[in-house]
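To keep things clear, I will list the structure first and then write my remarks on it.
What you see below is based on every heavy atom in this structure, not just the backbone, and it leaves out hydrogens, waters and symmetry mates.
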Protein chains: 2
Amino acid sequence: MNGPQPRIPVLTTRLSGDADEGGRLDAVLSAEDLRRLEGIASVLELPARNRLIYDQGQAAEALYFIQRGMVATSVHDGDGSRQILGFLRSGDLFGLAEQGRYISAARTLTPARLFCLPLAPLQKLLLTDARLQLHFLTKAAHDLRMAQRQMIVLGRHSVHRRLAAFLLEFLRHDDIYDAAEQRIRLPMSRTDMADYLATTPESVARAFAAMEREGWIRRYGPKSIQVLDLPALIHAASV
Amino acid sequence: MNGPQPRIPVLTTRLSGDADEGGRLDAVLSAEDLRRLEGIASVLELPARNRLIYDQGQAAEALYFIQRGMVATSVHDGDGSRQILGFLRSGDLFGLAEQGRYISAARTLTPARLFCLPLAPLQKLLLTDARLQLHFLTKAAHDLRMAQRQMIVLGRHSVHRRLAAFLLEFLRHDDIYDAAEQRIRLPMSRTDMADYLATTPESVARAFAAMEREGWIRRYGPKSIQVLDLPALIHAASV
DNA sequence: CGCCTAGTTGAAGTGTGTCAATGTCTGTGG
DNA sequence: CCACAGACATTGACACACTTCAACTAGGCG
């Protein structure tokens with residue numbers, strides 16, 4: 001008798017990725033799972049944007065779980081160049097480290113609420129709760145797929161195509177995309193977008209200008225984009 | 001009393017990545033772990049190079065574990081373009097899927113021996129053995145780091161730098177690098193290298209020619225490279 | 001209202017893809 | 001063992017997308 005087993009993960013669908021779940025860890029965690037995580041977590045309230053959560057090279061002591069808000073992780077090269085590894089949202093995990101040090105820096109894009117999960121207690125919990133751990137494994141597999149997809153995007157696609165794909169990613173998220181007005185509210189700067197898409201702010205601006213010229217979008221200031229021709233945008237992202 | 005606990009993973013070092021382990025799953029698995037995996041695995045002997053293991057889009061039924069040999073995973077775009085996601089070696093896992101279908105194709109670069117781990121029994125095993133699962137989670141975290149590093153390489157570095165870094169990766173592996181002769185035996189074609197580095201065979205050839213012109217390497221046929229100036233190569237990979 | 005940061009647009013330079021031709025391996029069959 | 005064929009690798013010429021540098025404009029916050 002195991003009692004009720006809410007949302008038992010199935011590796012064939014979980015490791016394989018489930019469409020409706022979208023890689024959100026919080027969507028698959030049961031109330032019991034969350035309670036256990038909260039038991040070892042400390043809550044981190046970051047009331048403003050552009051707050052550093054941890055820096056690259058800093059001793060890694062915790063994994064972070066986003067409850068609310070948006071976070072960007074970035075690695076800084078020896079020279080000035082910076083690569084944003086990902087824009088993360090509620091349900092995402094971050095805090096990947098190598099040899100005890102964070103490989104990237106993390107900072108808020110918006111006010112955010114995080115669970116800070118210290119590594120030692122987290123490991124203990126995962127070892128005692130294999131079902132919970134499988135959710136973490138599934139999430140890691142999902143993030144690996146995303147990273148591999150981004151490898152392809154950065155290596156093979158033009159800047160225009162990268163930007164089109166980037167915009168389309170936001171359409172799924174209600175907090176950023178207002179479906180009624182067809183408007184995307186971008187929470188990051190042109191420089192951030194450029195550092196994520198491995199290009200320059202100038203090229204991003206030019207790509208936006210070209211999209212507006214074609215009638216696919218309309219800009220209301222740099223942070224607000226109205227989608228006028230979604231099919232064209234989808235086409236641009238896949239050609 | 002838990003009895004002997006060989007090589008208990010410590011998340012703070014394992015999820016964080018351990019230098020000497022190098023992400024090799026087989027290096028951290030105990031004899032008991034291996035026995036259990038073998039219990040659900042079928043062994044796959046692939047006697048020659050260029051053998052397809054599974055194709056992109058095929059129904060995903062198993063995860064694969066490389067015991068011997070080398071494997072390449074690649075995704076094929078609608079048009080002719082191909083991206084090799086990774087060159088994999090003993091101890092590596094592959095078979096990542098999305099919605100029940102493999103997202104990449106996998107084929108041998110050399111004769112290989114694989115464990116084929118059917119997903120359902122594997123999930124069952126991981127749920128009953130949290131310690132073993134943690135090794136898988138650690139491996140996934142390692143692969144995620146590698147993918148993120150490759151994102152940076154493909155997005156930010158020149159073809160010359162990419163190739164230098166690529167060559168340096170082989171120096172650690174005894175089966176490919178003959179330290180005495182300082183020779184690297186490349187098991188893949190120029191096209192494969194180009195598809196991994198997100199460039200063209202022509203650009204790879206030009207980068208090799210430039211390195212030879214500089215006196216850093218010497219080519220003995222396309223598959224055998226002698227390293228003449230390692231510091232210069234290291235410098236080229238990090239500038 | 002004015003300063004300062006961020007964004008946009010323009011012009012010029014360059015790395016790399018593309019196309020084409022030549023050269024070189026490899027493996028097969030005579 | 002050699003000769004041949006087909007694939008693979010290399011080199012060259014050219015085109016172009018993108019970066020870089022610079023000037024200008026627009027937003028946002030004091």
Looking at C:dG17, I'd like to know if its phosphate oxygens (OP1 or OP2) sit under 4.0 Å from a side-chain N or O belonging to B:T200. yes
Separation of C:dG15 atom C1' from B:L197 atom CG, nearest Å, is 16 Å
May I have the distance from A:E212 (atom CD) to C:dG7 (atom C1'), rounded to whole angstrom? 13 Å
Is there a donor on the side chain of A:E202 or the base of D:dC18 sitting less than 3.5 Å from an acceptor on the other? no
Sole residue of B:L144, B:V75, B:I103 in side-chain contact (heavy atoms from CB on, under 4.5 Å) with A:Q148: B:I103
Identify the residue among B:R107, B:R49, B:K223 that makes a salt bridge (charged side-chain N to carboxylate O under 4.0 Å, His left out) with B:D192. B:R107
For the side chain of B:A205, starting at C-beta, report the closest nucleotide among C:dT9, C:dT16, D:dT11. D:dT11
Taking the side chain as every heavy atom from C-beta outward, state whether A:F208 and A:M193 have any atom pair closer than 4.5 Å. yes
Upstream residue (5' side of DNA chain D) when A:V159 and B:P222 are each assigned their closest nucleotide: B:P222
How many Å lie between NE2 on A:H157 and C1' on C:dG17, as a whole number? 16 Å
With sugar-phosphate meaning primed atoms plus P, OP1 and OP2, does A:P201 contact a base, only sugar-phosphate, or nothing at under 4.0 Å between heavy atoms? nothing
Relative orientation of the end axes in the helix from C:dC1-D:dG30 to C:dG30-D:dC1, expressed as an angle to the nearest 10° (five pairs per end): 40°
Given atom CZ of A:R219 and atom P of D:dA26, what is their separation to the nearest angstrom? 12 Å
For B:I84 and B:A72, work out which heavy atoms get closest and say how close. CG2-CB, 4.4 Å
Between A:K223 and B:G221, name the one whose nearest nucleotide on DNA chain C is closer to the 5' end. A:K223
Separation of B:M193 atom CE from D:dT10 atom P, in whole Å? 9 Å
In short, ring pair (Phe, Tyr, Trp, His ring centres under 6.0 Å) pairs touching residues 214-239 of chain A with sequence neighbours left out are none
Below 4.0 Å: OP1/OP2 of D:dT19 and any side-chain N or O of A:S203: yes
Rounded distance (Å) that lies between atom P of D:dT19 and atom CZ of A:R82: 15 Å
Between C1' on C:dG17 and CZ on A:R161, what's the gap in Å once rounded to a whole number? 16 Å
When you check the phosphate oxygens OP1 and OP2 of C:dG17, does a side-chain N or O of B:R206 lie under 4.0 Å from one of them? no
For D:dT19, take OP1 and OP2 only and decide whether either is under 4.0 Å from a side-chain N or O of A:T199. yes
Student check: side-chain heavy atoms of B:Y196 and B:S74 closer than 4.5 Å: no
Can we call the ring centroids of B:Y177 and B:F170 under 6.0 Å apart? no
Take the protein atom CE of B:M211 and the nucleotide atom P of D:dT10, then report the distance between them rounded to whole Å. 13 Å
